[in-house]
Amino acid sequence: MANPVIPSSVEQPRVLHALVRKRAELAGQIAHKEFELQRTLGELTHVDSTIRLFTEDVDVGAIRP
């Protein structure tokens, strides 16, 4: 169970190892969701731009989700 984050002197290395793995998993999920959010925001910007091609008067911020 060698892990550079976990010191060899800890009393509960298995518990700590499991917590470190869980933290890594959650951090990975957050990174993935942030990537997806940025991609979706880009798509929204493109749709807004296309709407404005048809009419510049529209307030896209008033369009409810």
More than 12 heavy atoms of other residues, nucleotides or ligands under 6.0 Å from CD of Q29: is that the case?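 Yes.
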Taking distance alone, no hydrogens or angles, what donor-acceptor pairs closer than 3.5 Å link side-chain atoms of residues 56-65 to residues at least two apart or in another chain?
unit_1: D59; atom_1: OD1; unit_2: G61; atom_2: N; d: 3.2

Tell me the salt bridge (charged side-chain N to carboxylate O under 4.0 Å, His left out) pairs involving residues 3-12, sequence neighbours left out?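 Passing the test, one end in residues 3-12: no pairs.
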Could you tell me which residues satisfy salt bridge (charged side-chain N to carboxylate O under 4.0 Å, His left out) with E25, sequence neighbours excluded, listed by chain and number?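 Per chain and number, E25 pairs via salt bridge (charged side-chain N to carboxylate O under 4.0 Å, His left out) with K22.
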Output, in order, the C-alpha distance, side-chain angles, deciding distance and verdict of side-chain contact (heavy atoms from CB on, under 4.5 Å) for K33 and L37. CA-CA 6 Å; K33 290 176 189 310; L37 175 61; over 6 Å; no
Distance-only donor-acceptor pairs under 3.5 Å for side chains of residues 42-51, two or more places apart:
unit_1: E43; atom_1: OE2; unit_2: R39; atom_2: NH1; d: 2.6
unit_1: T45; atom_1: OG1; unit_2: L41; atom_2: O; d: 3.0
unit_1: S49; atom_1: OG; unit_2: T45; atom_2: O; d: 3.0
unit_1: T50; atom_1: OG1; unit_2: H46; atom_2: O; d: 2.9

